[in-house]
Amino acid sequence: MTGAPEPRGHTEVADRVITKIACCAAEEVPEVREVHVRGRPWARASDGEVNGGQATVRLNVAVAYPAPLHAVAARLREHVIRRVAFQTGVEVSRLDITMTDLGGDLP
């Protein structure tokens with residue numbers, strides 16, 4: 001058999017799957033101490049939303065002290081975007097990061 005395979009259906013990735021992968025990926029960044037999956041009195045819960053082939057992700061995280069926050073945000077953004085795309089094929093078009101707490105010292 002030659003040629004491209006025939007389309008056999010449609011794959012849809014749910015918002016909660018994008019959220020879960022993004023949260024797990026955020027936890028892989030060494031300076032991230034906690035990803036707030038549930039909301040706080042002062043901040044929304046981490047979440048994601050898929051629209052077509054693109055996703056918007058919002059993460060609320062606690063970061064180790066005294067990590068440089070701008071560098072952590074850049075590393076976190078790059079890693080989460082790459083991980084979500086690799087695992088789902090969905091492009092993260094926007095990733096908002098809220099650093100809601102400082103916790104624990106750097107290793």
Asks: Per the salt bridge (Lys or Arg N to Asp or Glu O under 4.0 Å) rule, what does the pair list look like for residues 63-77, sequence neighbours excluded?
Replies: Glu31-Arg75
Asks: Keeping the roles fixed (side chain from Ser46, backbone from Val37), state whether a donor-acceptor pair exists under 3.5 Å.
Replies: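 Answer holds: no.
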Asks: Nearest 0.5 Å, please: how far is CG in Asp96 from CG in Asp47?
Replies: 9.5 Å
Asks: Just to verify, what does Glu49 make a side chain to side chain contact (heavy atoms under 4.5 Å, CB included) with, not counting sequence neighbours?
Replies: Asp15, Arg58
Asks: With sequence neighbours left out, what residues match Thr98 under side-chain hydrogen bond (donor to acceptor under 3.5 Å, both in side chains)?
Replies: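 Listed in chain order: Asn60.
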Asks: Name all residues meeting the side-chain hydrogen bond (donor to acceptor under 3.5 Å, both in side chains) criterion together with Gln54; count only those two or more places apart in sequence or in a different chain, and write none if there are none.
Replies: Glu91
Asks: Of the non-hydrogen atoms in Val63 and Arg33, which two are nearest, and what is the gap between them?
Replies: C-CG, 4.1 Å
Asks: Would you name the heavy atoms of Ala67 and Val72 that are closest together and state the gap between them?
Replies: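 Where Ala67 meets Val72 most closely, the heavy atoms are CB-CG2, 3.7 Å.
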Asks: Name all residues meeting the salt bridge (Lys or Arg N to Asp or Glu O under 4.0 Å) criterion together with Arg16; count only those two or more places apart in sequence or in a different chain, and write none if there are none.
Replies: none
Asks: List the steps and the verdict of side-chain contact (heavy atoms from CB on, under 4.5 Å) for Thr100 and His36.
Replies: CA-CA 9 Å; Thr100 56; His36 305 298; 2.8 Å; yes
Asks: Give the table of side-chain donor-acceptor pairs shorter than 3.5 Å for residues 80-88, with sequence neighbours excluded, one pair per line with atom names and distance.
Replies:
| residue | atom | partner | partner atom | Å |
| --- | --- | --- | --- | --- |
| Arg82 | NH1 | Glu78 | OE2 | 3.0 |
| Arg82 | NH2 | His79 | ND1 | 3.4 |
| Arg83 | NE | Glu28 | OE1 | 3.3 |
| Arg83 | NH2 | Glu28 | OE1 | 2.8 |
| Thr88 | OG1 | Val84 | O | 2.6 |
| Thr88 | OG1 | Val90 | N | 3.0 |

Asks: With side-chain contact (heavy atoms from CB on, under 4.5 Å) as the criterion, how do Asn51 and Thr56 come out once you've worked through the C-alpha distance, each side chain's angles and the decisive distance to 0.1 Å?
Replies: CA-CA 8 Å; Asn51 190 359; Thr56 298; over 6 Å; no
Asks: Any idea which heavy atoms bring Ile97 and Ala73 closest together, and the distance?
Replies: CD1-O, 3.6 Å
